[in-house]
Visitor: 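Have a look at the structure that comes next, please.
Because the structure is a prediction, the values reported are computed rather than measured.
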Amino acid sequence: MSTRVDPVFALEDDIPIPYMQRTRDYYLALGFQNPYRWAHFADVPFTPLSKPLARSRVVLISTAAPFRPEAGDQGPGAVYNAAAKFYRVYSTATDSGPDVRISHVGYDRKHTTAADINSYFPLARLSDAAAAGRIGSVAPRFHGAPTNRSHRVTMETDAPEILDRCRDDHADVALLVPS
């Protein structure tokens with residue numbers, strides 16, 4: 001016997017948030033002469049895994065910021081907090097119980113919170129995956145990638161620095177988790 005389920009339609013105002021246009025408008029409002037240009041590449045490099053994921057060392061790369069008490073409220077639900085931003089790549093031991101937050105980035109605070117750290121910093125889930133044998137191991141450090149909106153700085157400074165650190169940690173796979 002089948003049970004009929006009537007579809008539930010979304011409300012008319014339940015639509016995707018136009019965050020890309022909002023960012024462009026915000027950039028112009030800050031006084032920049034051109035709207036923000038999102039990084040978009042016609043050719044994206046891809047490297048197949050050289051060994052199974054179950055034998056690979058995985059490194060976490062995050063845009064989450066280290067918690068700094070002097071920078072003001074950075075807890076879940078905190079308003080945007082530019083004082084909590086960081087401008088240089090950083091690395092922290094994965095076994096140190098790192099305290100990272102995302103109050104320094106713009107995200108939809110009306111419809112989501114930062115209460116679940118695994119949604120923006122899944123280090124515990126990576127450790128679980130290693131314990132379950134789904135990945136070989138977690139790299140000894142995670143790396144923080146600044147979110148300063150400069151393609152040039154990202155491409156010429158931050159990305160090469162992060163790559164060097166991943167190589168120093170003998171990482172086979174990088175998991176990039178932007179906030």
Side-chain angles (χ1 to χ4, degrees), residues 7-49 58-68 71-92 98-126 129 139 142-166 171 173-179:
V8 177
F9 294 102
L11 299 174
E12 284 190 35
D13 64 349
D14 186 7
I15 59 173
I17 297 167
Y19 68 93
M20 293 178 84
Q21 186 59 49
R22 283 186 181 183
T23 301
R24 288 184 185 106
D25 294 344
Y26 177 67
Y27 209 66
L28 289 171
L30 289 175
F32 291 96
Q33 299 304 309
N34 296 304
Y36 184 76
R37 184 170 177 218
W38 295 85
H40 179 84
F41 300 96
D43 183 36
V44 179
F46 175 76
T47 304
L49 293 177
V58 179
V59 63
L60 176 60
I61 301 171
S62 175
T63 58
F67 174 65
R68 295 186 349 259
D73 188 6
Q74 298 156 69
V79 299
Y80 174 75
N81 181 352
K85 270 191 162 320
F86 63 100
Y87 295 92
R88 293 203 164 125
V89 171
Y90 73 92
S91 300
T92 302
D99 186 359
V100 295
R101 314 284 178 94
I102 61 169
S103 65
H104 69 292
V105 293
Y107 65 91
D108 180 10
R109 286 164 167 80
K110 179 179 177 183
H111 297 96
T112 190
T113 69
D116 180 4
I117 191 170
N118 292 296
S119 68
Y120 62 88
F121 189 73
L123 181 59
R125 300 298 70 85
L126 278 178
F142 74 89
H143 309 292
T147 59
N148 59 18
R149 297 188 184 144
S150 167
H151 298 178
R152 183 185 56 76
V153 172
T154 299
M155 297 292 289
E156 296 175 8
T157 304
D158 300 339
E161 177 68 23
I162 291 170
L163 179 60
D164 286 346
R165 293 176 187 214
C166 291
V173 176
L175 175 61
L176 284 68
V177 184
S179 305

Visitor: Ignoring hydrogens and geometry, is there a side-chain-to-backbone donor-acceptor pair from Asp158 to Ala145 under 3.5 Å?
Guide: no
Visitor: Would you say Ser62 and Val100 make side-chain contact, with heavy atoms under 4.5 Å?
Guide: no
Visitor: Work out which heavy atom in Pro66 is nearest to a heavy atom in Gln74; give both atom names and the distance.
Guide: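 So the minimum-distance heavy-atom pair works out to O-OE1, 4.1 Å.
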Visitor: Can you tell me if Thr63 uses its side chain to pair, donor with acceptor, with the backbone of Ser179 under 3.5 Å?
Guide: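 Yes: the side chain of Thr63 pairs with the backbone of Ser179.
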Visitor: Hey, does Pro122 have a side-chain heavy atom less than 4.5 Å from the side chain of Val177?
Guide: yes
Visitor: For residues Ile61 and Cys166, determine if any side-chain heavy atom of one lies less than 4.5 Å from a side-chain heavy atom of the other.
Guide: yes
Visitor: How many angstroms lie between atom CG of Leu176 and atom NE2 of His143, to the nearest 0.5 angstrom?
Guide: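 Output value for this atom pair is 11.0 Å.
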Visitor: Do you know which two heavy atoms are closest between Arg68 and Ala83, and how far apart they sit?
Guide: NH2-O, 2.8 Å
Visitor: Give a yes or no on whether the backbone of Ala114 and the side-chain of Arg101 come within a donor-acceptor separation of less than 3.5 Å.
Guide: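 Looks like no, no N/O pair under 3.5 Å.
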Visitor: If you look at every heavy atom in Thr147 and His104, which pair is closest and at what distance?
Guide: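 Minimum heavy-atom contact is OG1-CD2, 3.9 Å.
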Visitor: Ignoring hydrogens and angles, tell me if any N or O in the side chain of Glu156 forms a donor-acceptor pair with the backbone of Thr154 under 3.5 Å.
Guide: no
Visitor: If you count heavy atoms of other groups shown closer than 6.0 angstrom to CE of Met155, is the number above 12?
Guide: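 For Met155, atom CE is not crowded (no more than 12 foreign heavy atoms under 6.0 Å).
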Visitor: Identify the two heavy atoms, one from Tyr120 and one from Ile102, that lie closest to each other, and give their separation to 0.1 Å.
Guide: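 Shortest heavy-atom contact: CD1-CG2, 3.3 Å.
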Visitor: State the CG-CG distance between Leu30 and Asp25, to the nearest 0.5 angstrom.
Guide: 11.0 Å
Visitor: Over 60° means perpendicular and under 30° means parallel, so classify the ring planes of Phe121 and Phe142, tilted if in between.
Guide: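 Perpendicular: the ring planes of Phe142 and Phe121 meet at over 60°.
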Visitor: Shortest non-hydrogen contact from Ala84 to Ala65?
Guide: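 Shortest heavy-atom contact: O-CB, 3.5 Å.
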Visitor: Could you give the distance from CG (Asp99) to CD1 (Ile117), rounded to the nearest 0.5 Å?
Guide: 7.0 Å
Visitor: Please report the closest heavy-atom contact between Gly144 and Pro146, naming both atoms and the distance.
Guide: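 That would be O-CD, 3.7 Å.
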Visitor: Rounded to the nearest 0.5 Å, how far apart are NZ of Lys85 and OH of Tyr80?
Guide: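 Here the interatomic distance stands at 4.5 Å.
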